[in-house]
Amino acid sequence: MEASLRETWVVVPLYNEATVVTKVIQGLATVFDNIVVVDDKSTDNGLSMLKTITGIWILEHAVNLGQGAAIQTGIDFALSRNAKAIITFDSDGQHRVEDAKAMAIKLYSEGLDVVLGSRFLGLESHTMPTAKRTLLKFATLFERTISGLSLTDAHNGLRVFRAAAAQELNLRQNRMAHASEITKKIGKAKLSFREVPVEIIYTDYTKAKGQRMSNSFNIIYELLSGRFLR
Amino acid sequence: MIIKLLLTLAFSVAALFAIRLIFTSRLLRGFFLLFVSITATFFVNQPELATKVANALGVGRGADLVLYSFICVFALGMLMVSSHISKLHVQITQLTRTVAILNAQKYD
């Protein structure tokens, strides 16, 4: 298991999280040896702060493409370095390193293709705003009709993929609709997956920065045009 | 009427351009533009013809027919442009990704 964890890569998409990203990466570095940060053309100085940390890979997008694109870039890079499994982890401090570790261990010990974090499996966050909780429940229902998968949390950024499963992803949705694309591809490729309770830490900082709820409309539009225009 | 002359001139230039497209193997676009230029020239010089066609199709005036046709062509054109822009986005993504991976750095 130790050896497997050492070959597990953590992909951290980054966009303007200078205030917290250093702490996030340092936390990850206590458990994981291979961390790749993909900076999506941030306009703050988070990247220069990260460059003082040794041992992490840093990739930079020359233009801002979106979180989905940053994740795919990180996945491509990790796979090229023979990652055994890939964890996607947010750079804003909402994810817990112990959850990521537990999910990776579960992936290996149960021979799963994918392990997904869920906010709604018991570790209910006391800090989640009610409106957001309601919207997420609707999003989950929407996801079920699109992908056929019964997930409790469709838009959770904490995920672990076995390398072979990650190779199936090839995300084309660059922005926030990538979450729906991931769910759909898991269903389509019939990958084995489990949802695991994780705790998402909502702070005033993340609540202020989080996805606007009206972004749901953008996501639906991107999903529809993705089907018809390409 | 001067407007008829000017429009006929404009459509003649378009027809020449269409012929050029045909000769450079862009057949679909070429023939389509040629068809549009010739049809437009006819209707500009014989407006009664436009009205007859319009009436046959159940539309009041030639100008109305032109308007409806224009709306359809415009919508189709917009879809084609949107599709092209989407393809450009995919190319930009692939380029950016390649550059990012090529310049990957590990700070020691």
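A, B, ... follow the sequence lines: proteins, then strands. Residue 1 opens every chain.
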[atom1]/[X]: more than 12 non-hydrogen atoms of other groups inside 6.0 Å:
X: A:Met1; atom1: CE; value: yes
X: A:Lys132; atom1: NZ; value: yes
X: A:Met49; atom1: CE; value: yes
X: B:Leu88; atom1: CG; value: yes
X: B:Tyr107; atom1: OH; value: yes
X: A:Lys185; atom1: NZ; value: yes
X: B:Lys4; atom1: NZ; value: yes

key: Close contacts, residues 16-28 of chain B versus chain A, judged by heavy atoms under 4.5 Å   =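 Against chain A, none of the residues of residues 16-28 of chain B fall inside the cut-off of heavy atoms under 4.5 Å.
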task = Look at the side chain of A:Arg172 and the backbone N and O of B:Val90, then say whether any donor-acceptor pair between them is shorter than 3.5 Å.
result =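 Not confirmed, A:Arg172 side chain does not pair with B:Val90 backbone.
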message = Could you report the tightest heavy-atom contact between B:Ala100 and A:Thr73, atom names first, then the distance?
response =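 Nearest heavy atoms, B:Ala100 then A:Thr73: CB-CG2, 4.2 Å.
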key: Minimum heavy-atom distance between B:Thr96 and A:Ala62, given as atom pair plus value   =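 That would be CG2-N, 3.4 Å.
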query = Can you say whether A:Ile53 sits under 4.5 Å from chain B via the side chain, the backbone, both, or neither, judging by heavy atoms?
reply =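 Looking at A:Ile53, just its backbone touches chain B.
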ask   = Checking A:Ile56 against chain B: side chain, backbone, both or neither under 4.5 Å from a heavy atom?
value =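 It is the backbone, since no side chain atom gets that close.
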query = With side chains defined as the heavy atoms from C-beta onward, is the minimum distance between B:His89 and A:Asn174 less than 4.5 Å?
reply =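 Not in contact.
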Rounded to the nearest 0.5 Å, how far does [atom2] of [Y] lie from [atom1] of [X]?
X: B:Lys106; Y: A:Asn34; atom1: NZ; atom2: CG; value: 6.5 Å
X: A:His61; Y: B:Ile92; atom1: NE2; atom2: CD1; value: 12.5 Å
X: B:Gln105; Y: A:Lys51; atom1: CD; atom2: NZ; value: 7.5 Å

key: chain B contacts, top residue of A:Asp39, A:Ile58, A:Val63 (heavy-atom pairs, under 4.5 Å)   =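 Sorted descending by pairs with chain B, the first entry is A:Ile58.
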